[in-house]
Number of protein chains: 2
Amino acid sequence: MPEDLRQDDYELLARIAHRYYVDGRTQEEIAAEFALSRPKVQRLLERARWSGVVDIRIQAPPWLHLDLETQLRDAFRLSDAIVSPSRTDPQSQREAVARSAAGYLERRLHDGAVVAVSHGRDTGEVPRFFRPERRIDCTFVSAMGGSPRVDAPTNPNEICRTLAEHCGGRAESLYAPAYVESVEMRDRLLEQEAVAHTLRLAARASVALVGIGGTDDGCTMVRSGCLSLEEIARLRAAGAVGDVLGNYVDAGGTLISAPHSSRLVALSIEDLRRIDTVVAVVSETEKPQAILGILRAGVVDVLIVDEGNARTVLELARESVPPRAAGAAAHPAARGR
Amino acid sequence: MPEDLRQDDYELLARIAHRYYVDGRTQEEIAAEFALSRPKVQRLLERARWSGVVDIRIQAPPWLHLDLETQLRDAFRLSDAIVSPSRTDPQSQREAVARSAAGYLERRLHDGAVVAVSHGRDTGEVPRFFRPERRIDCTFVSAMGGSPRVDAPTNPNEICRTLAEHCGGRAESLYAPAYVESVEMRDRLLEQEAVAHTLRLAARASVALVGIGGTDDGCTMVRSGCLSLEEIARLRAAGAVGDVLGNYVDAGGTLISAPHSSRLVALSIEDLRRIDTVVAVVSETEKPQAILGILRAGVVDVLIVDEGNARTVLELARESVPPRAAGAAAHPAARGR
DNA sequence: TCCATCGCTGAGCAAATGATCGGAGCCACG
DNA sequence: CGTGGCTCCGATCATTTGCTCAGCGATGGA
């Protein structure tokens with residue numbers, strides 16, 4: 001395979017790589033054996049890896065898509081990405097993603113952690129699978145108001161309550177609607193200590209668990225009655241592709257300021273940016289454009305997504321030139337031991 | 001392949017291995033990511049390697065037999081083994097092995113080195129290929145007397161002279177026959193300062209370049225007139241399978257003391273043992289039994305051999321139980337980076 | 001129920017590794 | 001033939017890694 005190497009080089013690289021990787025010698029021993037300096041051996045090993053003389057393969061279970069995860073991390077500068085296996089049925093797809101998210105939280109959360117939580121159908125599935133082995137003394141706090149017109153399990157307060165229940169932690173509810181009827185009303189609401197306190201706590205969270213919403217007529221925001229069909233259409237016209245916590249962005253990831261945003265009771269994009277680990281949970285039901293937009297906004301640190309969306313998002317990212325080059329070019333494996 | 005792992009374990013191992021080997025994260029970063037201690041990550045990586053989740057393969061050129069070399073090293077506690085590709089023609093086979101030996105010497109020898117040299121057809125081919133890029137100020141010294149009845153290029157003195165010529169070093173000849181006619185004669189010879197000095201120098205060599213001889217009627221010792229057909233037959237009857245420098249051993253590697261040995265003018269097995277690196281060069285023309293015997297004697301540090309003999313020797317070693325267990329069992333790859 | 005044993009865990013340390021940097025040799029060009 | 005730029009080399013240092021060891025909790029037997 002590595003045909004551009006001279007025969008001698010090829011032989012030397014193979015010999016040294018074999019001695020190192022198969023026989024388990026140290027670089028120093030090999031250096032002595034071949035009458036080379038230790039750094040030279042290290043460079044040769046690097047070259048052997050790079051040129052394909054050393055072939056490191058991970059026998060991953062077929063249901064894992066580690067390569068997709070790596071591409072997502074690299075393309076969007078995520079600290080982590082988890083791709084869950086494809087399911088045909090939307091509901092079991094959502095469950096698969098939620099299971100991954102729950103597992104992630106179980107690993108990530110420790111005593112004293114504060115977790116800001118959004119609404120959403122995907123997010124709403126997470127509590128069912130969140131079953132830490134031992135008690136975690138952490139706090140779940142609503143990062144967004146509620147809405148009476150959807151099922152309880154997709155409201156942030158309810159999600160917080162169940163998460164807390166399953167790990168022995170506490171839940172702090174936000175006693176406010178997601179959208180109020182006027183700017184004045186929102187300002188009055190924010191003056192209420194109960195509301196202000198909860199939002200302050202959410203803003204200081206170390207972890208946020210959020211869903212990503214779309215902008216079609218059947219999106220959660222519309223179904224929950226938070227936004228009218230007219231409003232969502234106006235957002236679409238303004239270029240909106242998706243939202244986190246009611247904050248809409250366009251395809252390039254830029255925040256869209258629309259009239260409705262001043263009636264929103266939730267953390268802002270800036271609040272989210274200050275949170276250490278923002279975990280976004282998305283399954284097939286959301287449009288890839290929405291995911292791409294939010295990822296480009298740069299607020300998400302950890303993406304938990306299904307295989308189908310992962311592929312499509314990466315595809316879209318490659319097609320449309322990103323506003324600020326975040327090259328998706330594969331860089332050669334950095335390490336080889 | 002790794003089917004004895006539980007599904008969760010398998011997934012975790014694959015994830016961690018991917019992060020480490022493909023993405024190039026450090027163990028510490030991975031530990032933080034998965035909420036594990038660093039040593040734990042290191043153990044998991046070890047397990048991943050061991051269980052086959054991580055598969056490290058060396059794309060060696062087809063003419064190299066690195067696996068055979070490793071088996072030889074392990075089975076006979078050699079510090080190095082070089083297997084040269086098979087040739088059908090005995091002469092080109094000898095040349096291939098000699099080329100490897102010459103390359104080895106070029107790497108191994110430095111200014112000030114003293115090399116003790118034996119006779120033999122295989123050894124005799126080495127000088128032709130010994131062409132160091134720069135001058136090496138070393139000394140080649142005969143470790144054995146000569147014999148007038150064979151071609152000059154297989155006599156130690158001549159081999160030394162040519163090796164020295166090709167690297168700009170010095171040669172010290174042994175002015176004595178390999179075998180003399182009586183014990184008394186030998187003792188008288190060893191009293192000669194010219195002879196004694198050369199043998200003392202050879203005994204202090206840091207490297208020895210030796211051939212391995214057989215015990216059939218056509219072996220070098222017989223052809224050169226050093227031993228009669230009767231003598232070699234007596235040696236065979238005593239269990240001898242091969243020799244280095246006229247010192248014969250049986251299949252178990254034990255030295256055979258026969259009448260002729262007191263008429264030998266050469267380094268002894270004990271002298272060889274004291275030499276840091278004893279390099280044995282053998283090609284197809286020698287019997288594998290001879291090689292096996294000599295290897296079991298434990299004097300050889302580096303074996304340079306053709307593929308056919310390498311396989312046969314390993315096969316024989318597995319069949320017959322060695323006197324002192326030198327297990328040929330493959331131990332799992334020690335390293336994985 | 002108590003105690004011995006086993007295996008697992010993570011702190012700490014020594015070895016091994018990867019990376020930087022000045023210097024030497026080499027080539028192309030002036 | 002001199003010179004500038006280039007690459008390659010190995011001394012050296014910071015980081016990473018492998019490993020040991022004492023302590024802990026689980027397990028099982030008395």
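None of the values given here were measured: they were computed from a predicted structure. Here is the naming used below: chain letters follow the sequence lines, and residue numbers restart at 1 for every chain.
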Output yes when at least one side-chain N/O atom of A/Tyr20 is less than 4.0 Å from OP1 or OP2 of C/dA16, else no.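 The answer is no; no side-chain N or O of A/Tyr20 sits under 4.0 Å from OP1 or OP2.
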
At less than 4.0 Å, is any side-chain N or O atom of B/Gln27 found next to OP1 or OP2 of D/dG18? Yes or no.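 Result: yes.
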
Just checking B/Gln42: base, sugar-phosphate only, or nothing, at a heavy-atom cut-off of under 4.0 Å?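 The answer is base, as B/Gln42 lies within the cut-off (heavy atoms under 4.0 Å) of a base atom.
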
Tell me: [atom1] of [X] to [atom2] of [N], nearest whole Å?
| X | N | atom1 | atom2 | value |
| --- | --- | --- | --- | --- |
| B/Leu45 | C/dA16 | CG | P | 19 Å |
| A/Glu29 | D/dG18 | CD | C1' | 14 Å |
| A/Glu28 | D/dT16 | CD | C1' | 16 Å |
| A/Arg47 | D/dC9 | CZ | P | 10 Å |
| A/Glu46 | C/dT17 | CD | C1' | 11 Å |
| A/Arg25 | C/dA15 | CZ | P | 18 Å |
| A/Phe34 | D/dG10 | CZ | P | 16 Å |

Salt bridge (Lys or Arg N to Asp or Glu O under 4.0 Å) against A/Arg170, all qualifying residues, sequence neighbours excluded: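 If we apply the salt bridge (Lys or Arg N to Asp or Glu O under 4.0 Å) test to A/Arg170, skipping adjacent residues, the hits are A/Asp137.
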
Are any protein N/O atoms closer than 3.5 Å to N/O atoms in nucleotides 10-14 of chain C? If there are, list each pair with its distance.
| from | atom 1 | to | atom 2 | distance (Å) |
| --- | --- | --- | --- | --- |
| C/dG10 | OP2 | B/Ser37 | OG | 3.0 |
| C/dG10 | N7 | B/Arg43 | NH1 | 3.3 |
| C/dG10 | N7 | B/Arg43 | NH2 | 3.3 |
| C/dG10 | O6 | B/Arg43 | NH2 | 2.7 |

With sequence neighbours excluded, residues passing side chain to side chain donor-acceptor pair (under 3.5 Å) with A/Glu28: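 Scan of A/Glu28 (side chain to side chain donor-acceptor pair (under 3.5 Å), adjacent residues dropped) gives none.
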
Please list, chain by chain and in numerical order, all residues satisfying side chain to side chain donor-acceptor pair (under 3.5 Å) with B/Asp67, sequence neighbours excluded.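 Counting only residues at least two positions away or on another chain, B/Asp67 forms no side chain to side chain donor-acceptor pair (under 3.5 Å).
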
Can you give the donor-acceptor pairs under 3.5 Å from side chains of residues 34-46 of chain A to other protein atoms, not counting sequence neighbours?
| from | atom 1 | to | atom 2 | distance (Å) |
| --- | --- | --- | --- | --- |
| A/Ser37 | OG | A/Lys40 | N | 3.3 |
| A/Arg38 | NH1 | A/Gln27 | OE1 | 3.2 |

So does A/Ile30 get a backbone contact from the side chain of A/Arg19, meaning a donor-acceptor N/O pair under 3.5 Å?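 Looks like no, no N/O pair under 3.5 Å.
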
Pairs where residues 51-62 of chain B contributes a residue and the test salt bridge (charged side-chain N to carboxylate O under 4.0 Å, His left out) is met, not counting sequence neighbours: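 Passing the test, one end in residues 51-62 of chain B: B/Asp55-B/Arg57.
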
